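Have a look at the structure below before the remarks.
Worth knowing before you read on, the calculation uses all heavy atoms, side chains too, and leaves out hydrogens, waters and symmetry mates. These numbers come from a predicted model, not from an experiment.
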Amino acid sequence: MLRKITMTINGEKRTLEVDDRESLLEVLRERFSLFSVKQGCSVGECGACAVLIDGLSINSCIYLAVWADGREIRTVEGFEQDGKLSVMQQAFVDEGAVQCGFCIPGFLISATELMEKKRSFSREEVRRALSGHLCRCTGYQKIVEATEKGLK
Amino acid sequence: MEFRIVGENVPRKDAVAKVTGKARYTRDMGMPNMLYGKVLRSSITHGRIKSMDIHKAESLKGVVKVLTPFNTKCHNFPTAGHPYNLDPNHQDIADRNVLTDWVRFYGDEIAAVIAEDEFSAKKALKMIDVVYEELPFYLDPEEALKEGATEIHEGSKNVVGHNRFTLGDIDIEEAFDQADFVYEEVLEVKPVQHCQMENQVAYAYVEGNGRLVVVTSTQIPHIVRRILSSALNMPVGNIRVIKPIIGGGFGNKQDLVLEPLVAMMTLAVNGRPVLLDMEREECITSTRTRHGARFYMKTGLRKDGRIIAKQLKVYGNGGAYAAHGHAVIGKMGGDFYRLYPAEKAVEYESYTAYTNCSVAGAMRAYGTPQITFAFEAHMDNIALEMDIDPLVLREKNMVQKGFVDQLTGVPILTCGLPEIISKGKEYIDWDKKRKQYSAQTGDKRRGVGFALFGYRTSTYPVCLEIGGARIVMNQDGSVQLQMGATEIGQGAATVFSQMAAETIGIPYEMVHFEEFTDTDVVPFDPGAYASRQCYVSGKAVRKAATEVREKILKRASGMLKIQQFALDVQDGNIIRADNGEVLCHVGKIALDAFYNRTDADTITADVTEVSDTNCIAFGGCVAEVEVDIPTGRVEIMKVLNIHDSGKIINPVLAEGQVHGGMSMGLGYALSEVMLYNEKTGAPRNNNLLDYKLPTLMDTPRLDVLFVGENDPTAPYGNKALGEPPAVPSAPAIRNAILHATGVKVNKLPMNPQTLFEYFCAAGLI
Ligand code: FES
Ligand code: FES
């Protein structure tokens with residue numbers, strides 16, 4: 001069944017009709033070309049599809065689009081300001097955290113969630129907060145280091 | 001060699017695109033009017049299709065076409081990403097077709113639906129009725145090779161390949177007779193999967209001019225093109241393969257998995273674009289895996305610890321199709337022989353068997369992690385039995401600079417092994433901890449372990465090694481660097497740009513590298529595998545860049561009226577070679593080359609370089625673990641990989657490669673394994689929840705150290721680094737567990753289940 005929903009995507013209000021079986025991942029990729037939202041498993045195992053929903057990092061592949069009605073959605077496409085990378089994006093670039101890059105938007109989403117809490121985190125807290133994301137390239141080391149740098 | 005840009009931590013070319021979501025992977029592209037393909041996979045492990053009814057599926061709304069083995073025609077093709085061999089006796093085995101009526105593993109491709117949308121395609125799959133006639137299946141290579149076993153491929157006797165060599169002056173048995181100590185055992189490793197984060201994906205269409213275009217997430221665009229040509233019986237020139245940015249490969253994409261089928265699909269619908277992307281479950285089961293293997297190993301030594309005879313028989317699990325054939329298991333022979341050469345005799349024999357497991361192929365380090373696990377475990381077992389320090393045993397036997405490989409003729413000109421051992425010992429406080437942990441009791445016990453390896457850079461002389469590079473200078477003096485070598489996440493675009501900038505004499509930022517590899521544009525190069533690109537394709541970059549530099553200097557000399565030998569290019573400027581005085585910017589020379597009314601001749605170079613040398617990268621891993629005996633859990637307290645990969649082109653990128661390899665090695669050691677139902681042959685853990693890829697919480701701090709000197713055979717002193725990091729962690733952890741518990745665990749993975757069984761058998765539990 002089609003339903004009409006309204007959500008804010010990267011700062012812009014959008015109203016559209018979605019099939020109630022559609023995931024938020026499908027809607028963001030296919031209707032809004034937000035290709036940073038990656039699909040690594042489509043069942044909530046890999047974290048590549050994470051987006052910020054009202055400030056929380058959530059796997060969009062197992063989040064129905066209809067649930068997003070009235071919510072604020074953010075993806076890494078919306079992180080740059082005035083043509084400048086966000087502090088966290090810049091930290092990922094500077095620390096060499098990026099390899100194939102497929103997992104990276106997902107990590108940036110969770111790292112940004114932490115950053116917006118505006119407090120300090122122990123390494124253990126950072127590790128746990130990022131542990132829902134799988135990466136096969138980096139062994140996670142530089143991703144954790146970059147996140148810590150971005151949080152400073 | 002003095003370098004200015006090679007060796008520097010310049011920023012990755014693609015990092016910004018990847019943190020902003022601008023990087024385009026295959027699934028992010030697509031075409032208007034694109035159809036969606038889905039594959040019907042067998043729900044039995046081995047058997048024949050007696051009948052297949054597609055009527056209901058065909059009449060479903062949204063379905064455009066249903067392909068079956070009975071209505072498609074395609075030549076059998078080989079799938080391995082190997083360079084073509086002109087000798088028919090050395091070509092890969094052509095045992096695959098796009099769809100099959102002879103099912104050889106659970107998840108084999110038996111039909112395909114092309115539909116207007118994904119939903120209809122998936123629905124149609126469920127409406128295809130298949131009647132099978134089942135055959136006996138084999139999950140173990142030695143079972144499949146038994147006399148009288150049912151053949152998985154007709155006439156094969158289930159042998160994909162067999163290899164045997166002997167070296168030395170005397171017979172192996174005679175050598176064992178002369179030994180003071182002989183040790184013999186069996187070791188085993190199981191299949192694992194790459195789990196690159198981007199699943200296999202491709203789309204294809206026919207252009208208005210009739211040419212077939214395949215856009216695919218591959219490591220080997222030019223090889224894909226050549227194999228498509230033979231599978232479809234279409235001239236190579238009529239095929240164009242494009243590789244966008246790719247989300248990891250690790251060998252899984254050094255093989256043709258989707259491309260022939262997706263090409264067939266578009267041809268079946270008059271060239272309309274068709275997308276075929278795999279789900280994670282399909283990717284784990286139905287692409288490629290790392291070969292499992294069983295090793296029968298026997299070594300004879302003198303009292304003083306010198307190895308005089310070594311013998312190894314390997315049975316490799318090739319899975320349902322040949323793919324890389326016998327190459328992976330066959331390569332183990334060289335690794336086995338080379339690291340600890342035996343004084344008197346070596347005998348190696350290997351079989352790769354067809355089984356009904358998922359198809360084995362290339363995976364990061366191509367057989368070396370398996371064989372290194374086996375012989376490094378074997379070395380520690382021998383050291384324990386002979387009561388010698390395992391590192392002393394290694395030092396007495398390991399290969400040295402000046403050694404010439406009798407199998408390949410390749411000399412070892414640089415060898416960092418002594419430094420690897422000394423730095424590793426220092427890091428872990430080896431001597432102290434070997435003593436301290438030697439007689440522990442209680443539930444939690446600690447141990448330290450070491451493992452070494454050697455790794456061949458590129459495939460020479462087994463295969464032809466050829467690389468291509470084209471450099472085109474722009475009006476501003478910057479250059480386009482075009483290569484058939486591929487960026488697959490490892491950082492190739494960045495390091496090739498560093499090399500070009502270094503040799504031409506321009507800043508790194510002035511080298512532009514297009515990450516989309518388009519066979520219509522880039523020169524020939526077989527692609528990303530065998531840790532070959534920096535070495536082989538790097539030689540092509542050096543050659544092209546040297547040519548460009550010469551052309552710049554020649555034109556500058558004419559323009560400035562100064563003799564060419566008195567000029568140099570540095571930092572993008574033409575300078576006086578003797579005093580460094582800046583004369584002009586290269587942009588000025590480039591502009592003249594484009595627009596000079598009497599003497600225009602743009603500055604370009606388009607080269608091919610055949611690489612006829614090779615070198616060995618060395619490395620090791622040292623680890624300290626704590627084993628919890630009752631639960632079989634292992635905690636890694638400290639772990640360091642040390643690599644002699646010659647000159648490190650970009651240390652930050654290189655460290656990243658090592659971290660990733662270590663993580664893969666730790667997964668191989670402790671948790672990863674593909675499980676099959678013994679009764680049905682069906683996969684039991686083909687998803688990322690049950691397949692235990694290391695998560696962040698499983699991963700300790702990973703320490704990295706580079707040692708060694710520049711290799712004289714390499715373009716920039718560099719040796720292999722892409723794959724080697726995945727090699728030594730598993731045996732190092734294993735040897736640390738041996739040190740902690742005294743239990744010889746001869747099997748991977750060393751997950752709690754395996755360790756619990758070993759500890760029970762040893763009476764510890
Ligand atoms: S795609 Fe959503 S968690 Fe993997
Ligand atoms: S960078 Fe490749 S999966 Fe994380």
pair [X]-[Y]: side-chain heavy atoms closer than 4.5 Å:
X: B:Asp28; Y: A:Arg29; value: yes
X: B:Tyr25; Y: A:Lys38; value: yes
X: A:Thr138; Y: B:His659; value: no

With a 4.5 angstrom heavy-atom cut-off, which part of [X] approaches chain A: side chain, backbone, both or neither?
X: B:Arg24; answer: side chain
X: B:Leu653; answer: neither
X: B:Asn650; answer: neither
X: B:Glu487; answer: neither
X: B:Glu279; answer: neither

Give, as side chain, backbone, both or neither, the part of [X] having an atom under 4.5 angstrom from any heavy atom of chain B.
X: A:Val144; answer: side chain
X: A:Arg21; answer: side chain
X: A:Ile104; answer: side chain
X: A:Ser42; answer: neither
X: A:Leu85; answer: side chain
X: A:Phe102; answer: both
X: A:Glu30; answer: side chain

Option in [options] with maximal non-hydrogen atom pairs under 4.5 Å from chain B:
options: A:Arg128, A:Gln99, A:Gln90, A:Glu80; value: A:Gln99
options: A:Met88, A:Gln89, A:Gln39; value: A:Gln89
options: A:Val76, A:Leu134, A:Val93; value: A:Leu134

Under a 4.0 Å threshold between the charged nitrogen and the carboxylate oxygen, would B:Lys22 count as salt-bridged to A:Glu77?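 Looking at A:Glu77 and B:Lys22, the cut-off is not met.
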
Any salt bridge linking A:Glu26 with B:Arg27? Criterion: basic side-chain nitrogen under 4.0 Å from a carboxylate oxygen.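 Salt bridge between A:Glu26 and B:Arg27, a charged N being under 4.0 Å from a carboxylate O: no.
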
Does [X] use its side chain to pair, donor to acceptor, with the backbone of [Y] at less than 3.5 Å?
X: A:Tyr140; Y: B:Pro694; answer: yes
X: B:Arg280; Y: A:Gly40; answer: yes
X: A:Arg136; Y: B:His194; answer: yes
X: B:Arg12; Y: A:Gly96; answer: no

Flag if over 12 foreign heavy atoms under 6.0 Å of CD, A:Glu116: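 More than 12 heavy atoms, drawn from other residues, nucleotides or ligands, come within 6.0 Å of this atom.
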
Should we say atom NZ of B:Lys692 is surrounded by more than 12 heavy atoms from elsewhere, each under 6.0 Å from it?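 For B:Lys692, atom NZ is crowded (more than 12 foreign heavy atoms under 6.0 Å).
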
Among [options], residue most engaged with chain A (heavy-atom pairs, under 4.5 Å):
options: B:Gln657, B:Met664, B:Lys18; value: B:Lys18
options: B:Cys283, B:Pro700, B:Gly660; value: B:Gly660
options: B:Ala17, B:Gly30, B:Gly656, B:Ser663; value: B:Gly656

How long is the gap from [atom1] on [X] to [atom2] on [Y], to the nearest 0.5 Å?
X: B:Leu689; Y: A:Cys46; atom1: CG; atom2: SG; answer: 11.5 Å
X: A:Cys137; Y: B:Met197; atom1: SG; atom2: CE; answer: 8.5 Å
X: B:Met697; Y: A:Leu130; atom1: CE; atom2: CG; answer: 10.0 Å
X: A:Cys100; Y: B:Glu198; atom1: SG; atom2: CD; answer: 7.5 Å

Test side chain to side chain contact (heavy atoms under 4.5 Å, CB included) on B:Met662 and A:Gln141 and set out the steps. CA-CA 11 Å; B:Met662 289 173 82; A:Gln141 182 126 330; over 6 Å; no

